[in-house]
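Heads up, the thing below is written out as structure tokens.
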Amino acid sequence: MQQTLTPHVYWAQRHEDIYLRVELIDAQNLDISVHDNVLRFRAQGHGARGENDYEFSLPFLNAVKTEVSHRSTQRQVNITVRKQLSGWWDRLTLQEKKPLFLAPDFDRWMDESDAEMELREKEEKKIRLNMKSRLPEDSFITLKKGFLFTYNLVQFLGFSWIFVNMTVRLFILGQDSLYDTFYTISDVMFFCQILASVEVLNAMFGVVKTAVVPAFIQVVGRNFILFIIFGSLDEMHNKAVVFFVFYLWSSIEMFRYPFYMLGCIDTEWKTITWLRYTIWIPLYPLGVLAEAVAVVQSISVFDQSRLFSIPLPKALGLGSSVSFSYVLYIYLPLMVIGLLINVRHLYKQRRKRFRTKKRKSN
């Protein structure tokens with residue numbers, strides 16, 4: 001019968017782990033476990049006494065976790081045991097006298113100060129890696145905020161110029177300024193409304209957290225009025241309705257874009273916030289009403305000019321084309337539907353914003 005022997009065991013520690021190296025060549029049938037802070041080892045292999053069964057037990061000085069990791073190589077078995085609490089032990093075993101088979105592993109040995117330095121280096125390395133992993137995300141957020149801030153600033157300056165220019169001209173020229181608004185303002189308004197298409201793309205691709213449909217309705221609706229109703233018909237250029245449409249649009253945007261611009265730099269002015277979520281209540285319906293008046297005034301012009309008329313097949317016998325004004329008759333009720341959708345969206349935003357603020361103040 002083979003005699004059970006004890007292998008040579010070498011140990012070292014860190015603040016969180018115990019490392020054991022068991023000198024056993026070609027170890028097989030490994031049985032390693034920890035119960036009640038005692039590690040028990042049993043295996044077959046070639047040790048100091050040749051091929052035999054080897055076993056030992058180590059009662060640890062302090063509490064350790066029951067999970068044990070080990071890796072067997074051709075020459076030895078490496079065991080790692082995690083301490084229950086991070087700290088430095090004065091010795092490995094519960095008894096003061098060290099077992100005869102146990103010796104320090106000088107290849108991995110460190111004193112407490114060296115181990116603390118190694119621990120600090122690991123923590124610093126982990127911090128550096130975390131910072132590097134966060135860098136692309138932080139850079140993207142910074143780039144996105146910079147883009148949105150610039151966009152809102154440009155739009156704010158554009159609509160502010162429109163509003164101030166129209167206000168000054170109204171005070172100086174009186175009613176005469178109502179009839180030449182298109183000639184003096186349209187270039188800047190074209191620029192601002194073309195640029196506003198970015199808002200739809202921002203909503204579609206998640207650059208900003210907002211509903212796509214309300215943004216699409218507003219941008220497409222305004223551009224339809226600006227480019228189709230005003231831009232394509234010379235007869236509409238000197239209409240007073242142009243003044244009211246442009247003035248109402250710019251009045252709303254004078255407060256909307258500064259609100260978003262300040263949000264990009266995590267700043268809030270309560271007055272701007274209140275105006276952004278309140279000024280639309282009278283101005284937005286009035287703006288849609290002015291747009292509807294412009295559509296109605298343009299119907300007769302489209303009938304006479306046949307601009308954008310829709311060609312029909314001769315086989316139908318209904319004439320050569322259908323006036324674009326029929327499209328406008330369909331567009332008018334769509335404007336009402338779009339108004340209801342956007343008013344509902346804006347009302348929900350306003351209620352959510354001020355309800356949240358009220359809860360925070362309580």
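- If you take NZ on Lys239 and OG on Ser298, they are separated by 10.0 Å, rounding to the nearest 0.5 Å.
- Criterion: ILVMFWY side-chain heavy atoms under 4.5 Å apart, direct or through other members. Under it, Val336 and Leu328 are not part of a common hydrophobic cluster.
- Other residues, nucleotides and ligands contribute only 12 or fewer heavy atoms inside 6.0 Å of the OH atom of Tyr329.
- Residues Trp269 and Leu275 form no side-chain contact, since every pair of their non-hydrogen atoms from C-beta on lies 4.5 Å or further apart.
- A perpendicular orientation is assigned to the rings of Trp109 and Trp11, their planes being inclined by more than 60° (bins at 30° and 60°).
- Hydrophobic clustering, with ILVMFWY side chains joined whenever heavy atoms are under 4.5 angstrom apart, keeps Leu289 apart from Ile279.
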Taking it one step at a time, do Leu233 and Phe302 satisfy side-chain contact (heavy atoms from CB on, under 4.5 Å)?
-> CA-CA 8 Å; Leu233 298 176; Phe302 279 110; 3.4 Å; yes
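- Summarising the geometry of Ala12 relative to Arg108, their closest heavy-atom pair is CB-O, 3.8 Å, with the distance given to 0.1 Å.
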Pair Phe230-Ser186, side-chain contact (heavy atoms from CB on, under 4.5 Å): steps then yes or no | CA-CA 9 Å; Phe230 293 155; Ser186 61; over 6 Å; no
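- The number of heavy atoms from other shown groups lying within 6.0 Å of CZ (Arg344) does not exceed 12.
- No side-chain heavy atom of Tyr19 sits less than 4.5 Å from a side-chain heavy atom of Asn78.
- When every heavy atom of Leu307 is checked against every heavy atom of Ser232, the shortest pair comes out as CD2-O, 3.6 Å.
- From Lys83, atom NZ reaches atom CD of Glu16 across 9.0 Å, with rounding to the nearest 0.5 Å.
- Annotation for Thr210 and His345: closest pair OG1-NE2, 4.2 Å, computed over non-hydrogen atoms.
- With a 4.5 Å cut-off on side-chain heavy atoms, Asn37 and Leu94 do not count as touching.
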With ring-ring contact (aromatic ring centres under 6.0 Å, His included) as the test, would you mind laying out the steps for Phe41 and Tyr54 before giving the verdict?
-> CA-CA 8 Å; Phe41 176 94; Tyr54 290 88; 8.8 Å; no
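- Within the 4.5 Å cutoff, the side chain of Glu23 has no heavy atoms near those of the Pro7 side chain.
- Contact annotation: the side chain of Val207 approaches that of Lys144 to within less than 4.5 Å [non-hydrogen atoms, C-beta and beyond].
- Here the closest heavy-atom approach between residue Gly338 and residue Ile217 is recorded as CA-CG2, 4.0 Å.
- With a 4.5 Å cut-off on side-chain heavy atoms, Tyr247 and Thr167 count as touching.
- Ring pair Phe259/Tyr277 is perpendicular by interplanar angle, where above 60° counts as perpendicular and below 30° as parallel.
- For CD1 of Ile265, the number of neighbouring non-hydrogen atoms (other residues, nucleotides, ligands) closer than 6.0 Å is greater than 12.
- In the displayed structure, Phe101 atom CZ is contacted under 6.0 Å by more than 12 heavy atoms of other residues, nucleotides or ligands.
- Within the 4.5 Å cutoff, no side-chain heavy atoms of Met166 are placed close to those of Ser177.
- Using cut-offs of 30° and 60° for the angle between ring planes, the Phe324 and Phe308 rings count as perpendicular.
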Assess whether side-chain contact (heavy atoms from CB on, under 4.5 Å) is satisfied between Asp266 and Lys145, documenting all intermediate values.
-> CA-CA 10 Å; Asp266 300 323; Lys145 286 187 175 182; 3.3 Å; yes
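- Within 6.0 Å of NZ in Lys348 there are 12 or fewer heavy atoms belonging to other residues, nucleotides or ligands.
- Between the side chain of Arg91 and the backbone N or O of Thr93, at least one donor-acceptor pair lies under 3.5 Å.
- Counting non-hydrogen atoms of other residues, nucleotides and ligands closer than 6.0 Å to OH of Tyr183 gives a total above 12.
- Nearest approach of Gly45 to Leu24, heavy atoms of both residues: C-CD1, 3.9 Å.
- Both Leu157 and Phe163 are part of a single hydrophobic cluster, where members link through side-chain heavy atoms under 4.5 Å apart.
- A donor-acceptor contact shorter than 3.5 Å links the side chain of Gln13 to the backbone of Trp89.
- Asn165 contributes no side-chain N or O that, together with a main-chain N or O of Trp161, makes up a donor-acceptor pair within less than 3.5 Å.
- Note that the OG1 atom of Thr278 and the CG atom of Leu283 stand 11.0 Å from one another [nearest 0.5 Å].
- Summarising the geometry, atom CD1 belonging to Ile229 is positioned 10.0 Å from atom CD belonging to Glu291; distances are rounded to the nearest 0.5 Å.
- Rounding to the nearest 0.5 angstrom, the gap separating the CD atom in Glu199 from the OH atom in Tyr260 is 8.0 Å.
- Atom CD1 in Ile79 sits 12.0 Å away from atom CZ in Arg71 (nearest 0.5 Å).
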With side-chain contact (heavy atoms from CB on, under 4.5 Å) as the test, would you mind laying out the steps for Thr181 and Phe244 before giving the verdict?
-> CA-CA 9 Å; Thr181 299; Phe244 292 104; over 6 Å; no
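- Without hydrogens or angle criteria, Gln193 side chain to Val219 main chain gives no donor-acceptor distance under 3.5 Å.
- By the criterion of side-chain heavy atoms lying less than 4.5 angstrom apart, applied directly or through intervening Ile, Leu, Val, Met, Phe, Trp or Tyr residues, Phe227 is grouped together with Leu248 in one hydrophobic cluster.
- Annotation: side chain of Arg82 is in contact with side chain of Asp17 (closest heavy-atom distance under 4.5 Å).
- Both Tyr331 and Ile310 belong to a common hydrophobic cluster when Ile, Leu, Val, Met, Phe, Trp and Tyr are linked at side-chain heavy-atom distances under 4.5 angstrom.
- Shown here is Leu100, whose CG atom has no more than 12 heavy atoms of other residues, nucleotides or ligands within 6.0 Å.
- Counted within 6.0 Å of CD on Gln95, heavy atoms from surrounding residues, nucleotides or ligands total more than 12; the atom is thus considered enclosed.
- Nearest heavy atom pair, residue Leu58 against residue Pro99, reads CD2-CG, 4.3 Å.
- Tyr10 and Phe106 have their aromatic ring centers separated by at least 6.0 angstrom.
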